[in-house]
Amino acid sequence: MTATDNKRRIQLSHGGGGVEMNELIRKLFFKYFSNEILIRDEDAARLDLQGPLAFTTDSFTVSPRQFKGGDLGKIAVAGTVNDLAMAGAIPQYLSCGFIIEEGLTFAELESLVKSMAEELEKSGARIVCGDTKVVPKGAADGIFINTSGVGQCIASPSWKQLEVGDRILVSRDVGRHGACILASREGMVLEGDLASDCATLWDDVKRLLDAGIEVRAMRDATRGGLAAVLNEWAASRELGIQVQQDQVPIADEVQGLCELFGFEPMELANEGTFVLGVPADQADQALALLRQGQQSAAIIGTVVEQHLGKVVLSSPWGSQRYLELPKGELLPRIC
Amino acid sequence: MSLRRQHYRILGTVQGVGFRPFVYRHATENALTGNVLNDANGVAIEVQGTPGQLAAFEDAMRNQLPPLAKVDHLSIEEHPVNRDEAQFTILESSGKQDAQVALATDKASCDDCLNDIRNPDSRYFNYPFTNCTNCGPRYTIIRDLPYDRPNTAMAGFRMCPECAREYKDPLNRRYHAQPVSCPHCGPQLSWRKSNGQPIAVTDPLLHCCTQLAKGKIIAIKGLGGYHLMCDATSDLAVDTLRRRKRRPSKPLAVMVKDRASAEGLVKGTPEEWAMLCSQERPITLMRTLDSGALAPSVAPGIDRLGLFLPYTPIHQLLLERLERPLVATSANLSGEPVITELSQLVDKLGHVVDGILDHDRPILNACDDSVVQVVGGRPQWWRLARGVAPQTERLATQAGCTTLAVGAQQKNRLALAFGQRAITSPHIGDLDNLATEGYFEHTLSQLQRIYDLKVERLVTDLHPGYGSSQWAQNLARRRELPLLQVQHHHAHILAVMAEHQYTNKVLGFAFDGTGLGDDGQMWGGEVMLADTRGYTRLHYLKPFRLIGGEQAIKHPVRVALSLMFQHYSLEEVQASGWPQKFGIKDMALKNMHLMWQRGINAPYSSSMGRLFDAMACFLQLCRETDFDGQAGMLLEAAAEQCPDREVNLLSLPASIGPIIDTAPLVHQMMTLGHSKLDTATWARAFVNAVAQMMVSLMARYPDYPVVLSGGVMMNRCLLERLQATMGEHQARWLWPERTAVNDGSIAQGQLWYALNQE
Ligand SMILES: [Fe+3]
Ligand SMILES: [Mg+2]
Ligand SMILES: [Zn+2]
Ligand SMILES: [Zn+2]
């Protein structure tokens, strides 16, 4: 694109199917997402896939769209790639749909597309088909991105396989994305370096699977954070999950922000952090493998027979409380 | 002479308190024939004799009851005469039908029993487990009704022949005293290491004394749980206890041998001394003397001491041998219920204690020490537990269905109504951990088993997040039970009304911490016109934001900042010097201002308790609180230092409209700045301003009884000021004598609401 393009903004005509749209597709999307299936430019992408497959879709919106550690484009790719990875599938083919509000700058669109392309490289997944719609001002908030993904399964983790005695691990310190977004959305000034954890997790998953770790359950802890994943597992499996509070890794910046706000770090969203359950005898090996990716990975708990359907948090001094499902409003309970 | 036969039915606290021997004695003294029987409803008596004999007997029934007996209801029926009857007999207890008997509470050793343990010729000499029908354990050892030995913690101890003889002799003071035992057949003390391992010592009690005298921290098993005890005169011992228990500043209770020893530590009014020495033996808050006898770390910064006297022979023997005051605090993890089992003690507090004085009589129902203060001669309960709870009240009318009120989140108690009874449990605690939730369920199932109850209706607080509310919601869903909700501060007022059996409109001041209001905001500075159907919110403190929700409750400087933000710009607040004084960095200040401005986790609250917290910050008494009510206590202690009781420098105007404005207060703090404030004077001025506002509101609504409730009302300085300035309004003040002033009363308020909806 030229320098004058940078000042240009997306018009309704860019979604009209005519010359402008064609130009957008070729000069922007094909340039960054280029691969032989995509540039065939047919009505549907023809794929060569065998065996059990995983298929997922998600629509992405985040405010602000640029934040420390990532942007909307990065999340849109990492989110879907991670969903495939969590299902034990190789992230292979993605589709991508843009809903753009009239007036978005070309420059921003390009930077989002560029960061999508960079994120794709981390897993080797490819965008093989796409769609663009431009809506009138006010009908959307800047830009929404939808991605769907399909890939071949090489493992089949599921909460149904969790057993009493299994150990629970997290792949890194929790709460970063939620804390980072909160701080930048509200214009908080912060000490230290609080970046989102936004990342593709396929490398870490592949490392575990290649080493023969029997991953019983695996889930990226997005909305509702660690608390939501653990509660979901405990409730669906009708077992208890016991978590050692002081083992849950939380960065100082996140802890500090949570103390300021009165929030629980374990309830904050993540975009590159996953929770997994493995048999007890593989926990140390799994931890070592995770730590090749993130030093803060940790074994945080155990699946237990007691406390059916609940997650119990044990404090370092021995008292216990329930880690509850995150709720919308936090009303003080202290009289 | 014509004979008549009468049938008595007596309801109340009439079992395990020597009631049957009392009946037996008076029946035989008056040459009556017949029988007496304990059943699950109370006591049933058949007496036959001449009208004169019967009248004398009835007089005794009404006017000469045994010390621990309490009759709620007495009915007499005429029955046909049985001419063949020749004597008066005590019949065996019948099984339980529709249980109405009141559960008796635990009482301190009586003088007769204390004489026994001090008398070298008595077979109870130095025996730490003796009691009689006039004293000793009740609720803490009951598994079921009727109150007979197999239904108690004594079931496993077989009486020796001598004990059995006393137990069966209606004229003996130990007749049917269920825990009757002696050194040959009863429970025994033992000494254990902190890991629970027993160590053989000749006299465990003596050994314990030696350890305490050396400054060691010892867990001692008592009536309703273990205590942690140490030498209250040793700063080192008390500091060690605080450090190990991670309890930096919350005041610790002290146990002394007797009133004479107490007089060396505190001063008090006759009513306070009577309370301290009562058989209920509550921890009584009294004014500390500057005697220097106690370690300063016992109650730092506070001019009051929670004091109590021994209430079992164990404690009595211990204190008499040791001849010094002991810190005695419940053995528990912070926030959890008092520990009753050795295994838990070792697990949770093994690292805190140096040794354990244990015994082998199980504690079936945990029960903490009760806490009370006396204001203007009247008791005000902070915690109703050992000695006074469970509380049983007779209802004027039959409860439509078995109703369970589950209380608040903190200082939880539960209350049940069934038949013509209402029962409120002892203090349970804060429902923010599994152990307390377990204790809540245990307490409920005990009461349900004892009275054979199936809950048919539930009452909760309006706050859906309270542990109690969640528990009740679950049960209601599972069993499809009707559930009522009562607003927190309405419940505070209702609880006092319940004690006075009052249902009509009252002028209620609920000055409290934070409770959910019906508009979704947090309330706590409410003046209500309330009755058992509902309330009108007449006046309330101008709502301010709690920056960070519960964080603002733990860190009151946030409330102080919030109040300033309400009236001044960020720049003005910065320039005032207050944030610096509070130790708030500029970045944190800006962030809190953002949270305040945008309402990010910054709910509005009209809480008077939080205003007290903020004032304690302005007066530099505290920045963050380490325990519930700390800011208020420090403020009260400061105000006590001000010699001018009338000081009138601040105003909290009772406006015509509903909103009680804090602006003048905040402006004054800002104008004065932190350097010109004399803490004691302004603390007193603030308390006086609150009292002044309350009295002028009372004058505006002269037609209703006045109820004052909520945690703020624990402030003795405020209460005394009110007593001094209320004038004519004093006459319509409904004072709660048996109802907690804090959240320990919420369940009773909830129950009173439900009972009056029928
Ligand atoms: Fe309250
Ligand atoms: Mg998804
Ligand atoms: Zn006695
Ligand atoms: Zn004996």
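Within every chain, numbering begins at 1; the chains are lettered A, B, ... in the order of the sequence lines, protein sequences first and strands thereafter.
Closest heavy-atom contact between Pro603(B) and Pro332(A): CG-CD, 4.0 Å.
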List, with distances to 0.1 Å, the donor-acceptor pairs found between chain A and chain B - the cut-off being under 3.5 Å and no angle criterion applied.
{"from": "Glu186(A)", "atom 1": "O", "to": "Arg598(B)", "atom 2": "NH1", "distance (Å)": "3.3"}
{"from": "Glu186(A)", "atom 1": "OE1", "to": "Arg598(B)", "atom 2": "NH1", "distance (Å)": "3.1"}
{"from": "Val189(A)", "atom 1": "N", "to": "Asn591(B)", "atom 2": "OD1", "distance (Å)": "3.1"}
{"from": "Val189(A)", "atom 1": "O", "to": "Asn591(B)", "atom 2": "ND2", "distance (Å)": "2.8"}
{"from": "Glu259(A)", "atom 1": "O", "to": "Gln551(B)", "atom 2": "NE2", "distance (Å)": "2.6"}
{"from": "Glu259(A)", "atom 1": "O", "to": "Arg558(B)", "atom 2": "NH2", "distance (Å)": "3.1"}
{"from": "Leu260(A)", "atom 1": "O", "to": "Arg558(B)", "atom 2": "NH1", "distance (Å)": "2.7"}
{"from": "Leu260(A)", "atom 1": "O", "to": "Arg558(B)", "atom 2": "NH2", "distance (Å)": "3.2"}
{"from": "Phe261(A)", "atom 1": "O", "to": "Asn601(B)", "atom 2": "ND2", "distance (Å)": "2.6"}
{"from": "Gly262(A)", "atom 1": "O", "to": "Asn601(B)", "atom 2": "ND2", "distance (Å)": "3.4"}
{"from": "Gln320(A)", "atom 1": "O", "to": "Leu434(B)", "atom 2": "N", "distance (Å)": "2.8"}
{"from": "Glu324(A)", "atom 1": "OE1", "to": "Gln470(B)", "atom 2": "NE2", "distance (Å)": "3.4"}
{"from": "Leu331(A)", "atom 1": "O", "to": "His463(B)", "atom 2": "NE2", "distance (Å)": "3.4"}
{"from": "Pro332(A)", "atom 1": "O", "to": "His463(B)", "atom 2": "NE2", "distance (Å)": "3.0"}
{"from": "Arg333(A)", "atom 1": "N", "to": "Glu550(B)", "atom 2": "OE2", "distance (Å)": "2.6"}
{"from": "Arg333(A)", "atom 1": "NH1", "to": "Gly465(B)", "atom 2": "O", "distance (Å)": "2.6"}
{"from": "Ile334(A)", "atom 1": "O", "to": "Thr514(B)", "atom 2": "OG1", "distance (Å)": "2.5"}
{"from": "Cys335(A)", "atom 1": "N", "to": "Gln410(B)", "atom 2": "OE1", "distance (Å)": "2.6"}

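Interface remark: Leu546(B) contributes side-chain atoms only to the contact with chain A (heavy atom separation under 4.5 Å). With a threshold of 4.5 angstrom between heavy atoms, Leu313(A) does not approach chain B through any atom at all.
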Side chain to side chain contact (heavy atoms under 4.5 Å, CB included) between Met188(A) and Met595(B), intermediate numbers included: CA-CA 9 Å; Met188(A) 296 279 161; Met595(B) 291 175 67; 3.8 Å; yes

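Between Leu182(A) atom CG and Ile600(B) atom CD1 the span is 6.5 Å, to the nearest 0.5 Å.
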